[in-house]
Amino acid sequence: MRWSQLLIPTLKETPADAEIVSHKLLLRAGLIRKLTSGLYTFLPLAVRSLRKVENIIREEMNRAGAQEILMPALQPPEIWQKSGRYDIMIDVLLKVRDRAKKEWILGPTHEEVVTTLVAGEISSYRQLPKNFYQIQTKFRDEIRPRFGLMRAKEFIMKDAYSFDISDEAAQVSYQKMYQTYTRIFQRCGLQTVAVDADTGAIGGKHSHEFMVPAETGENEIVYCESGEYAANIEKATSRIQEATSTLDTGTSVEKFPTPGAVTINSLVRQPYGVAMRDQIKTLVYLIDGKVTLVLMRGDHQLNDTKLAAATGGTQIRPSTPDEIFVALGAHPGSLGAVGVLGVTILADESLKNAAGMTTGANEDGFHFRHVNIARDIPVTSWHDLRLVAAGEPCPVTGTPLKIRRAIEVGHVFKLGTKYSESLGALFVDEAGEKRALIMGCYGIGVTRTLQAVIEQSNDKDGIIWPINVAPFTVCITPLSIASESPVMLVAERLYQELTERNVDVILDDRDERPGVKFKDSELIGYPIRIGIGEKSLAKGEVEIKPRKGSLQAVPAHDALEYILAYLKNNS
RNA sequence: CGGAGCGUAGCUCAGCCUGGUAGAGCACUUGGUUUGGGACCAAGACGUCGCAGGUUCGAUUCCUGUCGCUCCGACCA
């Protein structure tokens, strides 16, 4: 392609509404433009890279035996009611109405549609296993779209769904996708880490997320440097530290005045001097309308996701001070669970056997001490509810855990029979029995992956595209564009030759000064630039500048071979 | 949904406090000079100052409302 004919609106200045480097570069390099919050137009260069990412995904999915289909983005609400997700996902569903005022859903994901398809078309174990995928636009009513393509109302996703006859077979499908994802991201030039993850509203038993480590990521991952353990912080656990006081002095619970002391920290200070880990923090939550007490050790933080997973609740929020006063007769800061009856009490595992603890007395200005949790608190059930903190022992190796931020680009789930049962996707097994299909689902945020590549690969001058997903692989930069000049003749010849070898090449035929051309090519980040100017051409040379390497003067007649060799060795 | 900030030329922003009908740089058009790292000179075009009310002789400026955008949060008692 010739640069002068493409819409590549590069910017010298950063648009005001971009916050993170990849978003700034998407705008500055002329890849995207915002229509409105969370909605973007992809310009020619972005489309080229996007198609390359999509094709890598297609090749690898096909290699893994998956079949590409294309499902409607517009979906009937009835199937969402059948699966039960119409209510659970109500907040993210975008809805439209047709002329008859009938409601439709703009699909945020396609478990319901694909399961409906399979329910109708697959009926025997002989037809299994199957894996169907599509690359399609998804719609989600995000609370707050942000960071360009990272979290948008409309985005492109590759979603795949596997159907198997047994858990063992489903495990094979899952593993195959796990490996496929690893290959896909590798080919896109992305470094990813696979981590244990919570399954959230999709449901299911196990899942892994593919994470791109980045300071600007919206997720936190917990990992052990040995590589033995990595998990999303929502799911992460650590070995329980045995620092909690378990000394049962035999002393019975004693109420003592604590005027004005309404935080963990204020009880740590004198005159009380109670260590954080010797306190019980009592949190009050409203879970599906029911008041629930959640007990944590004073030095621990509650992990909301674990709470949701432990209770199976869908509507979870902290109670308001007023609701708390009605339920417990005291205000936040003086709450406790000693002797509380008729209310569900969930406690974190780290409090098991805890004794000699201090907690609120449900009377403003008073706390209890010498609390023996087994003796004094009617705990309904025990759970792992803790938010893991850096430095805690790894559950596998015991060495200190680390935490870093990351961008989620892929997610694989074992779904089990949640959807096949609710939507009637049954098959007849070898024995003639009707059973529900075992499902898995596998997503890749295609547009997010594109931005994650940029977030991970850039420098002060601009994007550094990995060869496999660059909008153009080679940029030819003639420093004069007079049509019969020696410079332009060499440029045109190389352009022809590279095109004939199926190399994606752009010829910068703009009538611009050299500085402008160099800056633009570096901002956009083509993997290789071929500079052709009168000076070097006088010596019979052209200048080959890999985006992340140093400039090489190469004889003009060797340039083609040099580039082909470079591409072969670096992609 | 709560909090904070911002809406002035295609982009980045100034002007507003102290009201008198709008500016700079970049980009764009024309001409000229330039031409190996985001050129220079000259001329030109581009604005319902987000929108709607109010105050005022007069509002980009002050007040109210509204819409949009960005960020933080939606959580620990």
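Throughout, protein chains are lettered first and strands after them, A, B, ... in sequence-line order, and every chain is numbered starting at 1.
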Nearest-Å distance once atom [atom1] is located in both [N] and [M]:
{"N": "G37(B)", "M": "G32(B)", "atom1": "P", "value": "25 Å"}
{"N": "C62(B)", "M": "U70(B)", "atom1": "C1'", "value": "26 Å"}
{"N": "G23(B)", "M": "U48(B)", "atom1": "P", "value": "15 Å"}
{"N": "G15(B)", "M": "G19(B)", "atom1": "P", "value": "16 Å"}

Which nucleotide sits closest to the side chain of [X]: [options]?
{"X": "Phe518(A)", "options": "C75(B), G37(B), U12(B)", "value": "G37(B)"}
{"X": "Pro514(A)", "options": "G37(B), G36(B), A77(B)", "value": "G36(B)"}
{"X": "Arg144(A)", "options": "A77(B), G73(B), A39(B)", "value": "G73(B)"}
{"X": "Arg529(A)", "options": "C76(B), G37(B), U12(B)", "value": "G37(B)"}
{"X": "Tyr285(A)", "options": "C26(B), G36(B), C75(B)", "value": "C75(B)"}
{"X": "Phe147(A)", "options": "U12(B), A27(B), C71(B)", "value": "C71(B)"}

Hey, which sits more toward the 5' end of RNA chain B by its nearest nucleotide, Gly333(A) or His23(A)? His23(A)

Comparing nearest nucleotides in RNA chain B, the 5'-proximal residue of the pair Ser334(A), Glu19(A) is Glu19(A)

Regarding [X], tell me which of base, sugar-phosphate or nothing describes its non-hydrogen contacts under 4.0 Å with the strands shown.
{"X": "Asp17(A)", "answer": "sugar-phosphate"}
{"X": "Glu512(A)", "answer": "nothing"}
{"X": "Leu387(A)", "answer": "nothing"}
{"X": "Arg146(A)", "answer": "sugar-phosphate"}
{"X": "Phe325(A)", "answer": "nothing"}
{"X": "Lys34(A)", "answer": "sugar-phosphate"}
{"X": "Thr36(A)", "answer": "sugar-phosphate"}
{"X": "Ser266(A)", "answer": "nothing"}
{"X": "Thr14(A)", "answer": "sugar-phosphate"}
{"X": "Lys281(A)", "answer": "sugar-phosphate"}
{"X": "Arg28(A)", "answer": "base"}
{"X": "Val284(A)", "answer": "base"}
{"X": "Pro332(A)", "answer": "base"}

Separation of atom [atom1] in [X] from atom [atom2] in [N], rounded to whole Å:
{"X": "Ile20(A)", "N": "U70(B)", "atom1": "CD1", "atom2": "P", "result": "13 Å"}
{"X": "Arg151(A)", "N": "U70(B)", "atom1": "CZ", "atom2": "C1'", "result": "16 Å"}
{"X": "Ile143(A)", "N": "G2(B)", "atom1": "CD1", "atom2": "P", "result": "13 Å"}
{"X": "Lys517(A)", "N": "A39(B)", "atom1": "NZ", "atom2": "C1'", "result": "15 Å"}
{"X": "Ile8(A)", "N": "C11(B)", "atom1": "CD1", "atom2": "P", "result": "20 Å"}
{"X": "Arg513(A)", "N": "G36(B)", "atom1": "CZ", "atom2": "C1'", "result": "10 Å"}
{"X": "Lys519(A)", "N": "G37(B)", "atom1": "NZ", "atom2": "C1'", "result": "6 Å"}
{"X": "Asp304(A)", "N": "G73(B)", "atom1": "CG", "atom2": "C1'", "result": "13 Å"}

Look at atom NZ of Lys548(A) and say whether more than 12 heavy atoms of other residues, nucleotides or ligands are closer to it than 6.0 Å. no

When Ile544(A), Ile530(A), Leu494(A) are each screened for side-chain contact (heavy atoms from CB on, under 4.5 Å) with Val474(A), the one that passes is Ile530(A)

I'd like to know if [X] pairs up with [Y] as an ion pair, taking the criterion as any Lys NZ or Arg NE/NH1/NH2 lying under 4.0 Å from an Asp or Glu carboxylate oxygen.
{"X": "Glu215(A)", "Y": "Arg404(A)", "value": "no"}
{"X": "Lys281(A)", "Y": "Asp299(A)", "value": "no"}
{"X": "Arg547(A)", "Y": "Asp459(A)", "value": "yes"}

Any chance the side chains of Arg375(A) and Ser252(A) put a donor and an acceptor closer than 3.5 Å? no

Could you tell me whether the side chain of Glu13(A) has a donor or acceptor atom within less than 3.5 Å of a complementary atom in the base of G25(B)? yes

Can the ring centroids of Phe325(A) and His331(A) be said to lie less than 6.0 angstrom from one another? yes

